[in-house]
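See below for the structure under consideration.
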Amino acid sequence: MVYAAATAINEETAPLLAGATGEHVRHPRTVMVLTAFAAIGGFLFGYDTGVISGAMLLLKDRFSLSATQQELVVSLTVAGAIVGAAAGGRLTDQFGRRPIIIVAAVIFTAGAALLAIATAWIELLVGRAILGVAIGLASMTVPVYLAETAPAESRGRILVINNLFITGGQCVAGLVDGAFSDVTDGWRYMLGLAAAPAIMQLIGFLFLPESPRWLVEHGRYEQARAALRYVRHESVVEPELAQIQKSFAGQEQSSFRWSDLQRLPHLRRALVVGIGLQAFQQLCGINTVMYYSATILKQAGIASTSSAIWLSAMVASCNFAFTLVGLALVERMGRRSLLLISATGVLFSLCLLGTSFLLSRAAAPDTIGFDRCAYSTCLSCVAANGCGYCGSLHNASLLNVTGAVCLPYDSSQSDSTPLACAATWASDYCPSNTSWLSILALMVYIAFFAPGLGPMPWTVQSEIFPSQYRSFGNSVSTSVNWIGNLIISMTFLDVCALLTEAGAFFLYAGFAGLAIVFVYTRVPETRGCSLEQVASLFEEK
């Protein structure tokens with residue numbers, strides 16, 4: 001069993017990983033400088049995927065976007081990320097990890113600049129697609145770069161730091177969304193500010209080293225030695241360099257061929273784990289929460305758009321805070337245990353979220369329809385284009401009307417409230433006294449997702465592949481993540497329309513249950529192993 005093998009490796013090699021002389025294995029300052037600049041790619045990943053949650057509420061009104069157009073604005077970014085992640089494997093193999101991170105920073109800057117000056121929906125689509133390519137390149141390359149430069153005993157924490165930057169980017173995006181939610185054309189600032197950290201990363205990487213493992217693979221041993229000296233104590237540079245050289249001994253420097261999967265069963269096993277973890281991360285619905293959290297809160301009955309945006313920022317802040325829990329526990333509990341606990345909590349919270357929407361739907365008020373808005377319930381009223389819920393009318397007695405009504409309105413006006421409406425006007429939500437339960441469920445969901453299912457798939461996939469197949473394995477696994485992201489984000493609003501919001505979250509809960517089974521039966525523990533040792537866990541025992 002791979003789990004027994006992992007335990008044996010951990011016990012046998014622990015003294016070696018600490019350094020034979022008992023000295024520190026790295027220079028903490030230089031490792032953290034390298035980690036911080038590399039993880040800016042994670043920050044941009046998080047910011048650019050998270051900022052759309054609040055910006056969408058403003059873009060919807062500014063450009064009169066339909067549900068399909070909203071999904072395209074979100075999903076074209078993901079489509080671009082699929083392209084970037086798929087291309088990243090071959091590009092990083094050929095040119096190195098560092099140059100591709102630099103290229104990604106340039107693309108981030110260009111995409112943010114285009115979005116800041118966009119004047120039409122098509123320009124939004126192009127800008128978001130450009131950002132998507134950069135996100136795909138960064139999400140695939142940065143974890144590989146960090147895994148290959150990090151010391152074995154702190155690799156898990158360093159990879160979780162990258163995920164911490166992702167959630168930090170989402171948190172900052174939520175705060176920026178809230179800050180500019182009441183500003184004229186505030187969405188321009190929301191989308192354009194991503195250029196600043198991209199420029200910072202570009203400048204920083206001009207002075208950082210290439211991955212020592214990539215340099216060894218390409219025969220650049222002196223450069224590899226210099227790169228190791230940047231992030232290790234001098235006493236362990238030569239032993240680690242020898243270990244890396246040994247891992248490549250007798251191997252041809254060649255590109256992946258699909259026949260390798262048939263020839264190498266251990267590579268197949270590792271690929272199943274990488275793909276499975278990334279697929280389940282998305283199928284558990286995280287990016288419906290991150291992309292559509294403001295929309296979900298509006299659907300749950302939060303009246304104010306600004307309030308929904310600020311509550312969305314609170315969800316992102318909770319995500320950041322609980323990623324810190326993962327950072328503290330990853331080297332204590334291990335990857336596998338965190339994944340199992342996380343998936344179990346996600347299953348519970350998704351069921352709670354689905355239940356909250358069932359209660360909200362059951363409590364939705366009835367309405368009396370007028371003109372083209374002849375709908376008898378609040379839910380059907382606000383779902384129709386150009387119709388909204390009104391708690392009561394002016395001069396209702398003259399019209400012989402008592403109670404709530406469904407009225408037509410002009411969506412192109414900044415204040416779309418019909419003059420006839422006397423109280424509680426709502427065009428995109430139904431008033432509810434159970435919205436607190438939806439907020440609680442979202443927080444519980446994030447509290448369980450953030451320490452485990454959030455960072456661990458990225459951490460594990462960066463560790464499990466043999467050196468010569470690491471770029472390929474990470475490229476495929478990352479592409480699967482973004483494909484799953486695309487499917488979920490592109491279909492969420494339609495799934496809600498087909499199954500209701502409650503049905504959508506119960507569906508994601510089912511996937512969380514399958515994730516528990518997958519992790520329990522397929523995922524080994526990699527804590528404390530060198531990258532070369534991790535690869536051996538998937539060999540036949």
Side-chain angles (χ1 to χ4, degrees), residues 26 30-45 81 84-108 133-152 155 158-159 161-163 165-166 198 201-232 240-241 244 247-248 253-256 274 458-459 461-479 530-532 534-535:
R26 68 192 188 284
T30 54
V31 167
M32 295 315 297
V33 167
L34 180 147
T35 301
F37 275 105
I40 289 175
F43 178 90
L44 290 165
F45 170 1
R90 187 172 295 275
L91 291 174
T92 54
D93 265 346
Q94 183 172 354
F95 299 106
R97 291 39 164 150
R98 177 175 168 271
I100 300 307
I101 294 174
I102 291 173
V103 168
V106 172
I107 299 174
F108 270 123
V133 173
I135 291 170
L137 287 172
S139 64
M140 181 261 146
T141 309
V142 169
V144 173
Y145 179 77
L146 289 175
E148 292 184 340
T149 54
R155 188 178 61 245
I158 285 174
L159 287 167
I161 286 173
N162 181 56
N163 206 267
F165 270 62
I166 294 174
Q201 185 185 46
L202 173 62
I203 294 172
F205 256 81
L206 295 177
F207 304 96
L208 292 175
E210 178 56 85
S211 157
R213 284 175 170 82
W214 184 88
L215 291 168
V216 168
E217 184 180 7
H218 289 74
R220 304 179 187 180
Y221 302 121
E222 287 305 315
Q223 290 175 268
R225 183 176 285 108
L228 280 173
R229 284 186 175 130
Y230 188 86
V231 290
R232 299 290 191 277
E240 183 164 347
L241 182 61
I244 297 171
S247 71
F248 285 102
Q253 182 188 320
S254 60
S255 299
F256 167 80
W458 299 104
T459 300
Q461 83 163 40
S462 300
E463 299 174 320
I464 58 178
F465 296 105
S467 297
Q468 68 273 33
Y469 298 111
R470 188 166 294 126
S471 291
F472 160 77
N474 276 270
S475 178
V476 172
S477 300
T478 303
S479 296
S530 71
L531 291 179
E532 289 69 30
V534 170

For Ala150, the side chain to side chain contact (heavy atoms under 4.5 Å, CB included) test, sequence neighbours excluded, returns Arg155, Ile158
Nearest heavy-atom approach of Ala104 to Ala138 is CB-N, 4.4 Å
Next item on the list: If the plane angle is over 60° it's perpendicular, under 30° parallel, otherwise tilted; pick one for Trp458 and Phe45.
Entry: perpendicular
Rounding to 0.5 Å, atoms CD1 (Ile100) and CZ (Arg90) come to a distance of 12.5 Å
Note: Leu206 and Arg98 closest approach over all heavy atoms is O-NH2, 3.1 Å
When rounded to the nearest 0.5 Å, the distance separating CD1 of Ile203 from CD of Gln201 is 11.0 Å
In this structure, CZ of Arg97 is separated from CD1 of Ile102 (nearest 0.5 Å) by 14.5 Å
Contacts of Ser475 meeting side chain to side chain contact (heavy atoms under 4.5 Å, CB included) (sequence neighbours excluded), chain-then-number -> Met140, Ser479
Correct closest heavy-atom pair for Glu210 and Gly96 would be OE1-CA, 3.4 Å
Original post:
Any side-chain heavy atom of Asn163 within less than 4.5 Å of one from Ile166?
Top reply: yes
Contacts of Arg220 meeting side-chain hydrogen bond (donor to acceptor under 3.5 Å, both in side chains) (sequence neighbours excluded), chain-then-number -> none
Minimal heavy-atom distance between Thr149 and Ser211, with the atoms involved, is CG2-CA, 4.1 Å
Sorted by chain and number, sequence neighbours left out, side chain to side chain contact (heavy atoms under 4.5 Å, CB included) with Ala39 holds for Asn162, Phe165
Handout entry: Note, Leu202 side chain near Phe108 side chain (heavy atom, < 4.5 Å)
Key = no
Are any non-hydrogen side-chain atoms of Val231 and Pro151 less than 4.5 angstrom apart? no
Contacts of Ile107 meeting side chain to side chain contact (heavy atoms under 4.5 Å, CB included) (sequence neighbours excluded), chain-then-number -> Val103, Ile130, Val133, Ala134, Leu137
Value for CG (Leu241) from CD (Glu222), rounded to nearest 0.5 Å, stands at 8.5 Å
Nearest heavy-atom approach of Leu146 to Ala38 is CD2-CB, 3.8 Å
Exercise. Are the side chain of Thr92 and the backbone of Thr141 linked by a donor-acceptor contact shorter than 3.5 Å?
Worked result: no
Distance col, row Gln223:CD vs Trp214:CH2, nearest 0.5 angstrom, shows 8.0 Å
query = Would you call Leu215 and Tyr221 a side-chain contact if the rule is heavy atoms closer than 4.5 Å?
reply = no
One should read off an interatomic distance between Gln468 CD and Asp93 CG, to the nearest 0.5 angstrom, of 10.0 Å
Heavy-atom closest pair (Ser139 atom, Thr478 atom, distance to 0.1 Å) is OG-CG2, 3.4 Å
Inset, instruction - Apply side chain to side chain contact (heavy atoms under 4.5 Å, CB included) to Phe465 and Val476, showing your working. - result: CA-CA 11 Å; Phe465 296 105; Val476 172; over 6 Å; no
With sequence neighbours left out, the residues meeting side-chain hydrogen bond (donor to acceptor under 3.5 Å, both in side chains) with Arg470 are Glu148
